[in-house]
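Take a look at the structure below.
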Number of protein chains: 2
Amino acid sequence: MWRVLILRRRGRGPWWHNRFEDFGVRVTEPREVVMEVLLDTEEHLTAADIYVRAHELNPAIGLTTVYRTLDILLQMGIVQKFDFGEGKARYELINNSQSKEHHHHLVCVQCKTIVDYYDFVDEELEFIRKTQDRLSDKYRFHIMDHVISFYGICEKCRMKSQE
Amino acid sequence: MWRVLILRRRGRGPWWHNRFEDFGVRVTEPREVVMEVLLDTEEHLTAADIYVRAHELNPAIGLTTVYRTLDILLQMGIVQKFDFGEGKARYELINNSQSKEHHHHLVCVQCKTIVDYYDFVDEELEFIRKTQDRLSDKYRFHIMDHVISFYGICEKCRMKSQE
DNA sequence: CATCTAAATGAAAATGATTTTCATTATCAA
DNA sequence: TTGATAATGAAAATCATTTTCATTTAGATG
Ligand SMILES: [Mn+2]
Ligand SMILES: [Mn+2]
Ligand SMILES: [Zn+2]
Ligand SMILES: [Zn+2]
C-alpha cells in the first residue's frame, strides 16, 4: 500500500515536482502551466509574457497566479529574476537538470535584445572568485550572487541607424 | 557690455552649467537644486528621495520636474541610473570633476545597503577589457557600458539574524 | 467515497513608480 | 518691452506589481 504512494510521490513526474514538495507547496495546474512556459523558451520573459502564453495553454489562469508562482519559483531558486532597467522584471529558469547554467548577459540598449553567454574563459571565472573573496573580506559581506551585464548596440541596430 | 555676458556664460558658475548649455537646455532654479542634492550626497537616491531633499531647499519644486531633470542628466551622461531590483530606480552622479569615477556595487539583499567599490585590482580591469573585446567580437555588439554587482548580506544584517 | 481544513486561485481593487497632459510661468533673444 | 519657446507643477493617466476577499481545490482523514 505505501509502496504505491512512494512511487507516486517520488518516482513519477518531472524533476521539479519534488522541489515543490520539499518546499512545502502543492503542485497545481496553474503552476504546471507556468513551468511549462518557462521550460519551453530560451527567452527572458516578463510576467505579462508568461501570462499570455500560459493563458493559451489554459485560459483559466490569472495574472495574479503567475506573479505568485514566479515568486515561489524565485524563493525555491528555480527561476532568476532580472531587471534590465525597463521598468519591469524578466524571468528565466536557472540550471534545470539540463541546460541553462549560470550565465551573464549582453543587452542591446536599442532593441532590448538580450543575449546569454555561458562561455566564460578561465580568467573570467578566476576574476569572479577572486573579486568575491576580496570584497567579502574587505567589506565583510557574505556574498551569495552576482550580476554582470554588458550594454551596447547589436549589429542589427547598428546597421539600421547608419543606413 | 558683452564682456559681462561672456563672463557669466562661460567663466563663472559650476562646471555643469556648460554641460547644460552645450546640451541645449536651460540652467534653471529647479535643475540647480536637483544638482545640488546630487552633489551633496554619497548615497544612491531614488527620485522620491531627491524630491524630498530638493523640496527642503525650495518647496516650489515638483516631483515631475525631478523626474524630468534626472532624465536630462541621464542623457547628458551626468548621472547614472541603477536598478537593484527594488521596483524603483536609483541615481548617482558619474565622475564629476572630482570623485565618483566608474565603480561597481555590493548590495545587501536584506537592508538594501549599497556599497560602492572603486579599488579594482589589475586583474579586474584586465578582465573587463578582455571580456568586452571577446564579446564584441563574438556577438558583434558595440559594447558601451557594463554593470557588475555583487549581492549578499552585510555584517550588520548577519549579526541581527543570528542573535 | 464523503467530509473537512488549509492552501490556492482569480477578479477586482489598491498601491507605487513613472509618464503624460495641460494650463501657467519663466527665460532670453531680438 | 515683447514675443516665441522652454520649463514648470498639479492633476490625471499609465503600467507593473501587490493586496484583498470571496470562492474553489487538493489532499489528508475517517
Ligand atoms: Mn539569461
Ligand atoms: Mn554607486
Ligand atoms: Zn539591437
Ligand atoms: Zn544589510
Side-chain angles (χ1 to χ4, degrees), chain A residues 1-2 4-6 8-9 12-13 17 20-35 44-52 54-55 57-76 79 81-91 112, chain B residues 1-2 4-6 8-10 13 17 20-35 44-52 54-55 57-76 79 81-91 112:
Chain A
M1 179 54 92
W2 51 270
V4 173
L5 280 178
I6 285 176
R8 235 213 238 125
R9 301 178 69 176
R12 207 62 43 214
H17 278 201
F20 271 61
E21 191 188 327
D22 294 344
F23 193 69
V25 296
R26 294 174 180 169
V27 175
T28 64
E29 168 67 10
R31 288 170 184 169
E32 302 237 38
V33 175
V34 169
M35 277 305 292
H44 302 76
L45 303 178
T46 64
D49 294 337
I50 295 167
Y51 169 68
V52 168
H55 204 263
L57 300 176
N58 179 344
I61 282 175
L63 177 56
T64 312
T65 297
V66 171
Y67 274 107
R68 282 191 284 231
T69 302
L70 287 170
D71 190 53
I72 290 170
L73 294 174
L74 202 60
Q75 292 183 65
M76 293 195 295
V79 302
K81 184 179 182 179
F82 286 106
D83 221 317
F84 294 110
E86 301 169 279
K88 56 193 159 187
R90 290 186 177 272
Y91 300 82
K112 310 294 181 187
Chain B
M1 180 54 91
W2 50 270
V4 174
L5 282 179
I6 286 175
R8 229 205 245 134
R9 301 178 70 177
R10 272 282 154 187
H17 279 200
F20 271 61
E21 192 185 327
D22 294 345
F23 193 70
V25 296
R26 294 174 178 167
V27 175
T28 64
E29 167 67 10
R31 287 171 184 170
E32 302 238 38
V33 175
V34 169
M35 277 305 291
H44 303 75
L45 303 178
T46 64
D49 294 336
I50 295 167
Y51 168 68
V52 169
H55 205 263
L57 299 175
N58 179 344
I61 282 175
L63 177 57
T64 312
T65 298
V66 170
Y67 273 106
R68 281 190 285 230
T69 302
L70 287 170
D71 190 54
I72 291 170
L73 293 175
L74 202 60
Q75 292 184 65
M76 293 196 294
V79 301
K81 184 179 182 179
F82 286 106
D83 223 315
F84 295 110
E86 302 169 279
K88 56 194 161 186
R90 291 186 177 273
Y91 300 82
K112 309 296 182 191

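The sequence lines fix the lettering, A, B, ..., with proteins before strands; numbering per chain opens at 1.
- Nearest-nucleotide positions on DNA chain C for A:Val66 and B:Glu29 put A:Val66 closer to the 5' end.
- What you find for B:His44 and B:Arg90 is that their closest heavy atoms are O-NH1, 2.6 Å.
- Separating the CG atom of B:Asn58 from the P atom of C:dA26 is a distance of 12 Å, rounded to the nearest angstrom.
- Atom CG of B:Asp71 is separated from atom P of D:dA6 by 17 Å (rounded to the nearest Å).
- A donor-acceptor distance shorter than 3.5 angstrom exists from the side chain of A:Arg31 to the backbone of A:Arg26, with no hydrogens or angles considered.
- Ring orientation note: the planes of A:His55 and A:Tyr51 are tilted relative to one another, at an angle of 30° to 60°.
- With a 4.5 Å cut-off on side-chain heavy atoms, A:Tyr91 and A:Leu45 do not count as touching.
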Exercise answer: donor-acceptor pairs, residues 61-69 of chain B side-chain atoms, under 3.5 Å, sequence neighbours excluded:
from	atom 1	to	atom 2	distance (Å)
B:Thr69	OG1	B:Thr65	O	2.8

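- The two residues B:Val79 and B:Leu74 have their closest heavy-atom pair at O-CD1, 3.4 Å.
- The CD1-C1' distance, from A:Ile50 to D:dT17, rounds to 14 Å in whole Å.
- The separation between B:Glu32 atom CD and D:dA7 atom P is 14 Å, rounded to whole Å.
- With a 4.5 Å cut-off on side-chain heavy atoms, B:Glu32 and B:Val27 count as touching.
- In this structure, the CD atom of A:Glu21 is 15 Å from the C1' atom of C:dA7, given to the nearest Å.
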Which atoms of nucleotides 17-22 of chain C (N or O only) lie under 3.5 Å from a protein N or O atom, and what are those distances?
from	atom 1	to	atom 2	distance (Å)
C:dT18	OP1	B:Ala89	N	2.9
C:dT18	OP2	B:Tyr67	OH	2.5
C:dT18	O5'	B:Tyr67	OH	3.2

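- The phosphate of C:dT9 has neither OP1 nor OP2 within less than 4.0 Å of any side-chain N or O from A:Arg26.
- B:Thr65 has no side-chain polar atom (N or O) that falls below the 4.0 Å cut-off from OP1 or OP2 of D:dA7.
- Note: CD1 (B:Ile61) to C1' (C:dT25) measures 15 Å, nearest angstrom.
- One can place CG of A:Asp83 at 18 Å from P of D:dC15, the figure rounded to the nearest angstrom.
- Between the CZ atom of B:Arg31 and the P atom of C:dA26 there is a distance of 15 Å, rounded to whole Å.
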